[in-house]
J.: 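I'd like to ask you about the structure that follows.
Keep in mind the model is a prediction, meaning the values are calculated, not measured.
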Amino acid sequence: MALALAAPGGVLATGTRIKLALQPVGQAGSFFDLTLRPGETRKLDVELSNAGTATMAARTYASDVYTIIDGGFGARLRDEPQTGVTRWLDYPTQVVGLPVGAAVRRTFRVAVPLSAKPGEYITSLVLENDDPIRDAGPVAIDQIVRQAIAVVITVPGKRAPALAIGEASHALLAGRSVVAVGVENPGNVRLRPVASFTLRDAAGVQVSQTSVAMDTFYAHTRTSIEVPLDRLLQPGTYTVRLSLEDVRQGARAVGEATFVVQAPPAAPAPGADAGSGLAPVIQARPEGAPDLAIELGIRVAALGTIVLVGFLGVAMLRRRRTRPAGR
């Protein structure tokens with residue numbers, strides 16, 4: 001299992017601590033916040049450091065930024081293409097040897113094209129261990145620890161906040177339904193909208209109602225609002241009414257979307273596999289049933305813990321059942 005953790009550090013079972021850091025030089029905050037006009041170029045410096053307990057071969061690169069589910073900062077992985085504003089940066093991918101306590105300063109340039117329109121643009125710089133590090137704990141995990149900082153570029157001009165609502169979908173998680181609605185920020189400024197969610201069945205009966213305060217929703221990006229329900233939806237057609245509003249920025253959108261919950265596959269008839277003498281133990285997922293995308297490495301790590309606990313529990317139960325009488 002490989003984990004890409006968007007966190008400043010990690011500790012392995014061996015006691016090795018991974019702690020890489022990116023720090024903008026000459027900036028008031030923890031990220032680059034620039035105002036540049038079309039055709040303007042700026043030279044910048046970033047400091048790469050290793051505050052861990054082992055010498056590290058660290059990979060650094062520029063990466064596209066996206067909005068994660070329910071809002072927030074996400075940086076693309078090393079093998080994903082660089083597009084849009086990321087290409088405004090002259091920051092080639094490089095692997096740097098960082099001894100413990102070392103810091104290296106790197107200079108790069110940002111060049112805004114003449115064709116750039118007014119608005120906010122965002123990209124990022126990433127620093128991570130180049131080779132995955134194997135944990136020696138009870139579950140073998142290869143860790144890549146990532147540190148990313150934003151590069152925000154504002155091109156002066158008219159602000160145009162906007163929001164849009166897309167399609168709805170249904171997925172299952174731990175025996176419960178999760179309803180997702182696609183949303184888009186087609187405007188030119190980042191927003192922090194509040195989503196009001198109402199779900200009704202085919203008869204118009206309200207099934208669920210809630211609100212979600214989104215984290216930062218970056219301009220020119222798409223994501224989704226995910227609402228976990230306290231129940232499993234029965235087969236049928238459902239309608240979601242979603243409103244998004246950022247009062248401070250003056251952006252609002254309202255929309256409705258429908259989705260269908262399919263009936264589960266029929267159980268196989270008794271004796272259907274009698275010829276082979278084996279009962280079916282795996283059933284395929286119905287075609288078209290979506291998988292739930294879990295974007296945070298932390299959620300993946302939590303799932304791994306649940307699987308480990310379940311495995312240990314089964315092992316103990318088997319030992320208890322096979323223990324001789326009287327012991």
J.: Tell me, do V110 and L36 make a side-chain contact under 4.5 Å, heavy atoms counted?
T.: yes
J.: Counting the benzene-type ring for Trp, do H220 and Y121 have ring centres under 6.0 Å apart?
T.: yes
J.: CD of E80: more than 12 outside heavy atoms within 6.0 angstrom?
T.: yes
J.: Please lay out, stage by stage, how T216 and R192 fare under the test side-chain hydrogen bond (donor to acceptor under 3.5 Å, both in side chains).
T.: CA-CA 5 Å; T216 305; R192 293 178 68 96; 3.2 Å; yes
J.: Give me the one residue out of Q143, Q147, R146 that meets side chain to side chain donor-acceptor pair (under 3.5 Å) with E128.
T.: R146
J.: Is there a donor-acceptor pair closer than 3.5 Å between any side-chain N or O of N185 and the backbone N or O of F217?
T.: yes
J.: Out of curiosity, does V65 fall in the hydrophobic cluster containing M214 (side-chain heavy atoms, cut-off under 4.5 Å, transitive links)?
T.: no
J.: One pair to check against side-chain contact (heavy atoms from CB on, under 4.5 Å): S63 and T86. What are the steps and the verdict?
T.: CA-CA 6 Å; S63 174; T86 306; 5.8 Å; no
J.: Is the backbone of A251 close enough, under 3.5 Å, to the side chain of E245 for a donor and an acceptor to pair up by distance?
T.: no
J.: Taking atom CZ of R252 as the centre, does the number of heavy atoms from other residues, nucleotides or ligands within less than 6.0 Å exceed 12?
T.: yes
J.: Does any part of the side chain of L98, heavy atoms only, come nearer than 4.5 Å to the side chain of T55, both counted from C-beta?
T.: no
J.: Determine whether L232 and L172 make a side-chain contact, defined as any pair of heavy atoms from C-beta on separated by less than 4.5 Å.
T.: yes
J.: Could you tell me whether the side chain of Y61 and the main chain of R78 form a donor-acceptor pair under 3.5 Å?
T.: yes
J.: Check N188 against A160 and note the closest heavy-atom contact, atom names and distance.
T.: OD1-N, 2.6 Å
J.: May I ask you to check whether F108 and F32 place their ring centres under 6.0 Å from each other?
T.: yes
J.: Looking at D142 and P132, would you say the former's side chain and the latter's main chain have a donor-acceptor pair under 3.5 Å?
T.: no
J.: Of all the heavy-atom pairs spanning A116 and P38, show the shortest one and how long it is.
T.: O-CG, 3.6 Å
J.: Can you spot which of D79, D131, D130 makes a salt bridge (charged side-chain N to carboxylate O under 4.0 Å, His left out) with R59?
T.: D130
J.: For P235 versus A263, what's the shortest heavy-atom pair and its separation?
T.: CG-CA, 3.7 Å
J.: Could you tell me whether the side chain of R106 reaches within less than 4.5 Å of the side chain of T60, counting heavy atoms only?
T.: yes
J.: Pair M56, I18 - check side-chain contact (heavy atoms from CB on, under 4.5 Å), show working.
T.: CA-CA 8 Å; M56 197 68 58; I18 308 171; 4.2 Å; yes
J.: Closer than 3.5 angstrom, by distance alone: can the side chain of S177 be matched with the main-chain N or O of L233 as a donor-acceptor pair?
T.: yes
J.: How long is the span from the CD atom in E47 to the CZ atom in R105, to the nearest 0.5 Å?
T.: 6.5 Å
J.: Any side-chain donor paired with an acceptor under 3.5 Å for T53 and R17?
T.: no
J.: What is the minimum heavy-atom distance between A162 and L191, and which atoms define it?
T.: O-CD1, 3.5 Å
J.: Do Q249 and R159 have side-chain heavy atoms sitting under 4.5 Å apart?
T.: yes
J.: Taking atom types as modelled, is there a side-chain donor on T221 or T67 under 3.5 Å from an acceptor on the other?
T.: yes
J.: Less than 6.0 angstrom from the centroid, inside 45 degrees of the normal: does R241 satisfy that with respect to the ring of F197?
T.: no
J.: What about I69 and L244, same hydrophobic cluster or not, with Ile/Leu/Val/Met/Phe/Trp/Tyr joined at side-chain heavy-atom distances under 4.5 Å?
T.: no
J.: Are the side chain of E226 and the backbone of V179 linked by a donor-acceptor contact shorter than 3.5 Å?
T.: no
J.: Are the side chains of S49 and Q23 in touch, meaning some heavy atoms are under 4.5 Å apart?
T.: no
J.: Looking at side-chain heavy atoms only, is the closest gap between L163 and P193 below 4.5 Å?
T.: yes
J.: Indicate the atoms forming the closest heavy-atom contact of L114 with G39, along with that distance.
T.: CD2-CA, 3.6 Å
J.: Does any non-hydrogen side-chain atom of Q206 lie less than 4.5 Å from one of L199?
T.: no
J.: Go through the steps to decide whether E120 and Y218 satisfy the test side-chain hydrogen bond (donor to acceptor under 3.5 Å, both in side chains), and finish with yes or no.
T.: CA-CA 9 Å; E120 293 178 348; Y218 296 102; over 6 Å; no
J.: Would you name the heavy atoms of A148 and F73 that are closest together and state the gap between them?
T.: CB-CE2, 4.0 Å
J.: Checking the side chain of D201 only, and the main-chain atoms of V205 only, is there a donor and an acceptor separated by less than 3.5 Å?
T.: yes
